[in-house]
Protein chains: 2
Amino acid sequence: MLPPTPPRYPARDATTVDRLMRAAAQAFAEKGFHATTTRDIASGAGLSPAGVYVHFGSKEELLFNLSRSGHQSALQMLRAAVEGLEAPTERLAAAMQQFSAWHAEQHQLAKVVQYEHQHLTPEHRAEVLGLRKDIDALVRQVLESGVAEGAFDVEDIGDTALALLSMAVDVARWYSPTIKRTPRQIGATNAALALRLVGARPTPA
Amino acid sequence: MLPPTPPRYPARDATTVDRLMRAAAQAFAEKGFHATTTRDIASGAGLSPAGVYVHFGSKEELLFNLSRSGHQSALQMLRAAVEGLEAPTERLAAAMQQFSAWHAEQHQLAKVVQYEHQHLTPEHRAEVLGLRKDIDALVRQVLESGVAEGAFDVEDIGDTALALLSMAVDVARWYSPTIKRTPRQIGATNAALALRLVGARPTPA
DNA sequence: CGGGTAACTAAGCGCTTGCTTAGTGTTGCC
DNA sequence: GGCAACACTAAGCAAGCGCTTAGTTACCCG
């Protein structure tokens, strides 16, 4: 009774779904969810207005898929960044570097992730807020272990974690591909600033 | 030929205009400009849908008035905060404290200011972007004088100013009146973190 | 070659949107 | 008292919205 193809509704035809996701990310990032029409998305993906609904049940479902996969990739990237690193300063620097650079490199997706989740249904919003908590917890944990080892001098871990996240997240608000600094440079700057914030010394030359 | 009343189209009846501005600020902050209908604003101000157009020519004009007056009040507040202060650490701490607290206390207006200006007409956007540049310039100037006096140790003034602004502006994104910290406490935290960022010592006890 | 399936489109439906129009009640001035 | 000026409403219009329906094309597997 098993079908010869694996369950197909997670859309095998990656290219059209991919074009839709890209077109939606660009439009949502530039104009916001409500100012974007399904016709914008369809034409951005080279489809007729009805073509969207072959792959997504609604405009909100498209936003949800974007928001969830964006949150997941940010979280995975953060985990990969600190994996294998022992020293708290290295872990913090790597996390801040990668997270900031991600918000620049993926600035369209990042804008959707940071500023459009309010337009999700309550159930969908709850799901992505869970992923956000994981990201917050990871940053807090990096700070906590640094404080425990005496590598960081921090007044309040929650406040400091929030400030660090602000610096990185806000990149999505002001970044534009036309500026001089590259995502990598932005990451390096924010990593250095983060080490100052937590009272660590930058790795000596 | 001068009329007995001064030019009247800047709306003398402050109370209805004020109710409209408040209702619009709340709706724009909570749902965004495009998701807000003129009927939302009208009913929020206790008017019929047509009543809005007695005082504002369009929904965008309402947004513009909000955005401009919000930018102006933020800028004025920043100027007042540093006025009369000589020591760079005091000036930076005062600016950061007040600017961060403003984004909490006025979080609805601040959200409109920071996240909705993309929906202004090009002319109106250009006008508020001018005010934003003034705010950026003020922060930079505080950093520059601190560096010149040897009070701050900063690698790059532009990057550091941007990080400081990120910390303050991002308050509007995460602040909610239900959290434990008061706007004043948030301001104090961010002021202390700012002094760390610029390599200054917090004022000794 | 025939038949089922999945991707896609042309057309359009019902609804909501920003905004207008025509009219009403109130106020203040001569 | 007369009347213009004003703030406001009831009703509604044209346009645009998200999404559906009915039908066409392309392709895969026997």
J.: Starting at atom CG of B:Asp40, determine the distance to atom P of C:dT17, rounded to an integer number of angstrom.
T.: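 Going from B:Asp40 (CG) to C:dT17 (P), I get 7 Å.
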
J.: Restricting to salt bridge (charged side-chain N to carboxylate O under 4.0 Å, His left out), what partner residues turn up for A:Arg184, sequence neighbours left out?
T.: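 Partners of A:Arg184 by the salt bridge (charged side-chain N to carboxylate O under 4.0 Å, His left out) criterion come out as none, since no residue qualifies.
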
J.: How many Å lie between CG on B:Asp18 and P on D:dA7, as a whole number?
T.: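 The answer, rounded to whole Å, is 15 Å.
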
J.: Over how many whole Å does the gap from A:Phe56 atom CZ to C:dA7 atom C1' extend?
T.: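 In whole Å, C:dA7 C1' and A:Phe56 CZ are 14 Å from each other.
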
J.: Can you tell me how far C1' of C:dA7 sits from CG of A:Leu20, to the nearest Å?
T.: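 Roughly 12 Å, once rounded to whole Å.
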
J.: As a test of understanding, state which of A:Leu62, A:Ile41, A:Thr38 forms a side-chain contact (heavy atoms from CB on, under 4.5 Å) with A:Phe56.
T.: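 Of the listed options, the one satisfying the test is A:Leu62.
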
J.: Listing request: all ring pair (Phe, Tyr, Trp, His ring centres under 6.0 Å) pairs with a residue in residues 88-112 of chain A, at least two apart in sequence or in separate chains.
T.: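 Every ring pair (Phe, Tyr, Trp, His ring centres under 6.0 Å) pair that includes a residue of residues 88-112 of chain A, provided the two are not neighbours, is A:Phe99-A:His103, A:His107-A:Tyr175.
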
J.: Give the nucleotide from the list D:dT9, D:dC8, C:dC8 with an atom nearest to the side chain of A:His55.
T.: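 The nucleotide sitting nearest to the side chain is C:dC8.
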
J.: I want to check one thing: is the phosphate of C:dC8, taken as OP1 and OP2, less than 4.0 Å away from some side-chain N or O of A:Thr16?
T.: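 Affirmative; the distance criterion is met.
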
J.: What is the separation between atom NZ on A:Lys31 and atom P on D:dC17, rounded to the nearest whole Å?
T.: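 Computing the A:Lys31:NZ to D:dC17:P distance gives 9 Å.
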
J.: I want to verify a distance call: between D:dT21, D:dC19, D:dC8, whose nearest atom is closest to the A:Lys59 side chain?
T.: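 Closest nucleotide among those given: D:dC19.
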
J.: Choose from C:dC8, D:dG18, D:dA10 the nucleotide whose nearest atom is closest to any side-chain atom of A:Val54.
T.: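 Of all the options, the side chain of A:Val54 is nearest to C:dC8.
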
J.: Can you list, pair by pair, the side-chain donor-acceptor contacts under 3.5 Å of residues 26-34 of chain B, counting residues two or more places apart and other chains?
T.:
unit_1: B:Gln26; atom_1: NE2; unit_2: B:Glu30; atom_2: OE2; d: 3.4
unit_1: B:Lys31; atom_1: NZ; unit_2: B:Asp40; atom_2: OD2; d: 2.7

J.: Whole angstroms only, please: what is the OH-C1' distance between B:Tyr53 and D:dA10?
T.: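 The distance from OH of B:Tyr53 to C1' of D:dA10 comes to 16 Å, rounded to the nearest Å.
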
J.: Picking from D:dC8, C:dC19, D:dA10, which would you name as closest to the side chain of B:Ser58?
T.: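 Looking only at heavy atoms from C-beta outward on B:Ser58, the closest nucleotide is C:dC19.
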
J.: What's the CG-C1' distance between B:Leu62 and C:dC19, to the nearest Å?
T.: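 It is 13 Å, rounded to the nearest whole Å.
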
J.: Considering only distance and modelled atom types, tabulate donor-acceptor pairs under 3.5 Å from the side chains of residues 137-145 of chain A, sequence neighbours left out.
T.:
unit_1: A:Gln141; atom_1: OE1; unit_2: A:Arg91; atom_2: NH2; d: 3.2
unit_1: A:Ser145; atom_1: OG; unit_2: A:Gln141; atom_2: O; d: 3.3
unit_1: A:Ser145; atom_1: OG; unit_2: A:Val142; atom_2: O; d: 3.1

J.: Could I get a table of every N or O pair under 3.5 Å where one atom is in the protein and the other is in nucleotides 12-15 of chain D?
T.:
unit_1: D:dG12; atom_1: O6; unit_2: B:Arg39; atom_2: NH2; d: 3.4

J.: Does A:Arg173 have any side-chain hydrogen bond (donor to acceptor under 3.5 Å, both in side chains) partners at least two apart in sequence or in another chain, and if so, which?
T.: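 Checked A:Arg173 against side-chain hydrogen bond (donor to acceptor under 3.5 Å, both in side chains); matches are A:Asp170.
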
J.: May I ask you to say whether B:Asp136 pairs ionically with B:Arg132, meaning some side-chain N is under 4.0 Å from a carboxylate O?
T.: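 Not counted as a salt bridge, because no side-chain N and carboxylate O are separated by less than 4.0 Å.
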
J.: What nucleotide among D:dG18, C:dG18, D:dC8 has an atom nearest to a side-chain atom of A:Thr38?
T.: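 Among the listed nucleotides, the one closest to the side chain of A:Thr38 is D:dG18.
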
J.: If I take atom CG in residue B:Leu47 and atom C1' in nucleotide D:dC6, what distance separates them, rounded to the nearest angstrom?
T.: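 Interatomic distance, CG of B:Leu47 to C1' of D:dC6: 14 Å.
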
J.: A:Val52 or B:His34: which one's nearest nucleotide on DNA chain C is closer to the 5' end?
T.: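 Per heavy-atom nearest nucleotide, the more 5' residue is A:Val52.
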
J.: Look at the side chain of A:Ala50 and decide which nucleotide, out of D:dT21, C:dC19, C:dC8, has an atom nearest to it.
T.: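 Per side-chain heavy atoms of A:Ala50, the pick is D:dT21.
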
